[in-house]
Engineer: 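Mind having a look at this structure? Questions to follow.
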2 protein chains.
Amino acid sequence: MLSIGDLSKRTGVKVPTIRYYEQMGLIEAAERSEGNQRRYERNDLERLAFIRHARDLGLDIPAIRELIALSQHPDQPCANADRIAADHLVAVREKIEKLKKLEHELERIISHCDGHSIEDCYVIRALSDHGLCEGEH
Amino acid sequence: MLSIGDLSKRTGVKVPTIRYYEQMGLIEAAERSEGNQRRYERNDLERLAFIRHARDLGLDIPAIRELIALSQHPDQPCANADRIAADHLVAVREKIEKLKKLEHELERIISHCDGHSIEDCYVIRALSDHGLCEGEH
DNA sequence: GATAATTCCTCCAGTGACTAGAGCTTCAAG
DNA sequence: CTTGAAGCTCTAGTCACTGGAGGAATTATC
C-alpha cells in the first residue's frame, strides 16, 4: 500500500495532480486509511504511469479518458485507439510546421538587426511593419 | 476615427481581445464617443498590428509590454529587444525538438500496431509500458 | 509515551490569453 | 422614427494543473 506521496515519487506526477486526476475521473477514487488518507496499490501505479506517459506525448484528458475506456474492452478492435494516436500525430506535425516558420522569421529578424539603437532596430521595425515579413503568417 | 469593430476588421484582432489588451495595458484606453464607445486613430491601428504580429510570433504579453516600452525610447540601444527575440527563438527551438521526439514516438507506436484487438494494441501497450519506448522522454 | 516534523486532508483561488454570455445602451441606415 | 447591428460592462468559463490556508493524521526521534 502506497501513500499518495509514494505514488507521486514513483510516477513523477505531483501530489495535487494525482488528486486532480481523481477528480477528473482518470483514476478511480482510492481506498482510504482509517484517518482518511488515500492508499494505492500496484494497479493504480500502472494506471497513473499510463496517464503520465500519454500526457507526456501531449494527449489531452478527454483523449486519455477514451483510451482508458478502450483499454477496458480488450476484445474489441483497436482502430479507435489508432485513430486517437494518428489524429494527435497530425496535430503534432502541424505544430512543428508552425514553429519552424516562427523559427525562420525570428532568425531573420534577429540577424537583420545591427544592434545599435531602438530607432533602427529591426526587431522593433519588423514587428511594427508586417510588410517586412517574408511569406505569409 | 474607427470604432472597435472597424479596428478589429482591419487588424484581425477580435473585439473582446482588443478590450482585453486595453485592460492588460498593452494599448492605451481609447477616447470615447459621447455615447461612451471607443474611438481609435491610426496610431492605435499600428500599435495593435504590432501586438498582433508579436503574438503571432508567439511572444507573451509581458514580452510585448517590454518591447512596447523599449520602442518608446528610440535613442537607447536595442540590445534588450534583441535579447527578447533571441530568448524566444531559443524557446521555440526547444519546443520544436520536443515535438519532433513526440512525432517519432507516435509514428513508431502507430506503425507497430497491427490493428486487431485492444488486447494486442501497440498504442495501448506502449502507453502502459514505458519500457517499450525508444530513448528517454 | 510525548513531542516534533512531515505528510496528508479539503477547499478555494490563481495561471495565460483569451472567449462567451447576460442584460443593457448607442449608433447608422432606411 | 424605427429597427437591427454593434457597442458597453461585468462575470464566468476554458485547460491542466499549481499553490496556499488551515487543520488532521502519520512517522520519526527522543
Side-chain angles (χ1 to χ4, degrees), chain A residues 1-27 29-41 44 47-48 50-68 84 87-88 91-92 95 98 102, chain B residues 1-27 29-41 44 47-48 50-68 84 87-88 91-92 95 98 102:
Chain A
M1 294 297 250
L2 303 169
S3 72
I4 196 167
D6 297 333
L7 190 64
S8 170
K9 270 170 217 143
R10 296 236 205 157
T11 57
V13 178
K14 288 186 186 159
V15 169
T17 305
I18 297 174
R19 289 197 276 250
Y20 170 75
Y21 287 159
E22 180 183 310
Q23 221 186 315
M24 294 297 102
L26 291 189
I27 54 181
E31 289 174 51
R32 300 294 182 118
S33 73
E34 276 187 25
N36 197 35
Q37 300 194 356
R38 290 169 179 83
R39 294 291 173 247
Y40 296 93
E41 299 178 47
D44 297 309
R47 166 72 67 92
L48 190 55
F50 178 102
I51 295 167
R52 171 83 211 264
H53 196 172
R55 285 291 304 134
D56 283 349
L57 288 173
L59 292 163
D60 62 14
I61 285 179
I64 295 173
R65 223 194 302 268
E66 205 175 336
L67 285 173
I68 290 171
I84 290 171
D87 285 355
H88 186 56
V92 166
K95 261 190 203 159
K98 262 198 186 167
L102 293 190
Chain B
M1 295 297 249
L2 302 168
S3 71
I4 197 168
D6 297 333
L7 190 65
S8 170
K9 269 170 219 147
R10 295 236 206 159
T11 57
V13 179
K14 288 185 187 157
V15 169
T17 305
I18 297 173
R19 290 196 275 250
Y20 169 75
Y21 286 159
E22 180 183 310
Q23 219 186 315
M24 293 299 102
L26 291 189
I27 53 180
E31 290 175 48
R32 299 295 180 119
S33 71
E34 277 187 24
N36 197 35
Q37 300 194 356
R38 291 169 179 81
R39 294 292 172 245
Y40 296 94
E41 299 177 47
D44 296 309
R47 167 71 69 92
L48 190 56
F50 178 103
I51 294 167
R52 170 83 210 263
H53 196 172
R55 285 291 303 134
D56 283 348
L57 287 173
L59 293 163
D60 62 15
I61 284 178
I64 295 173
R65 224 194 301 270
E66 205 175 337
L67 286 174
I68 289 171
I84 291 171
D87 285 355
H88 185 57
V92 166
K95 261 190 205 160
K98 262 196 185 168
L102 292 190

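Residue numbers begin at 1 in each chain, while the letters A, B, ... track the order of the sequences. Only heavy atoms go into these numbers, but all of them, side chains included; no hydrogens, no water, no symmetry mates.
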Engineer: Where each residue is assigned the nucleotide of DNA chain D containing its nearest heavy atom, which of B/Gly5 and A/Ile61 is assigned the position nearer the 5′ end?
Structural biologist: B/Gly5
Engineer: So B/Arg19, base contact, sugar-phosphate only, or nothing? Heavy-atom distance under 4.0 Å.
Structural biologist: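 B/Arg19: base contact, heavy atoms under 4.0 Å.
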Engineer: Between atom CZ in B/Arg55 and atom C1' in C/dC18, what is the gap in whole Å?
Structural biologist: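 Value for this atom pair: 9 Å.
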Engineer: Select from B/Leu59 and B/Gly35 the residue whose nearest nucleotide in DNA chain C is closer to the 5' end of that strand.
Structural biologist: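 Checking each residue's closest nucleotide, the 5'-ward one belongs to B/Leu59.
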Engineer: Whole angstrom is fine here: how far is it from CD1 in A/Ile18 over to C1' in C/dT7?
Structural biologist: 13 Å
Engineer: Within the distance-only criterion (no hydrogens, no angle test), does the side chain of B/Arg47 pair as donor or acceptor with the backbone N or O of B/Ile68 below 3.5 angstrom?
Structural biologist: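 Absent.
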Engineer: From C-beta outward on B/Tyr20, which listed nucleotide comes closest to its side chain: C/dT19, C/dC8, C/dC27?
Structural biologist: C/dT19
Engineer: Any sub-3.5 Å donor-acceptor pair from A/His88's side-chain atoms to A/Leu57's backbone N or O?
Structural biologist: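 Yes; at least one donor-acceptor contact below 3.5 Å.
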Engineer: Between A/Arg39 (CZ) and C/dC8 (C1'), how many Å, whole number?
Structural biologist: 8 Å
Engineer: Rounded to whole angstroms, how far apart are CG on A/Leu7 and P on C/dC9?
Structural biologist: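 Distance, rounded to whole Å: 11 Å.
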Engineer: Determine whether a donor-acceptor pair (N or O, by modelled atom type, separation under 3.5 Å) exists between the side chain of A/Arg55 and the backbone of A/Ile64.
Structural biologist: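 No; zero donor-acceptor contacts below 3.5 Å.
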Engineer: Within the pair B/Tyr21 and C/dC18, is there a side-chain N or O less than 4.0 Å away from OP1 or OP2?
Structural biologist: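 Result: yes.
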Engineer: Identify the 5'-most and 3'-most nucleotides of DNA chain D with at least one atom closer than 4.0 Å to a non-hydrogen atom of chain B.
Structural biologist: D/dG7 to D/dT9
Engineer: Is there a side-chain polar atom (N or O) of B/Thr17 under 4.0 Å from OP1 or OP2 of C/dT19?
Structural biologist: yes
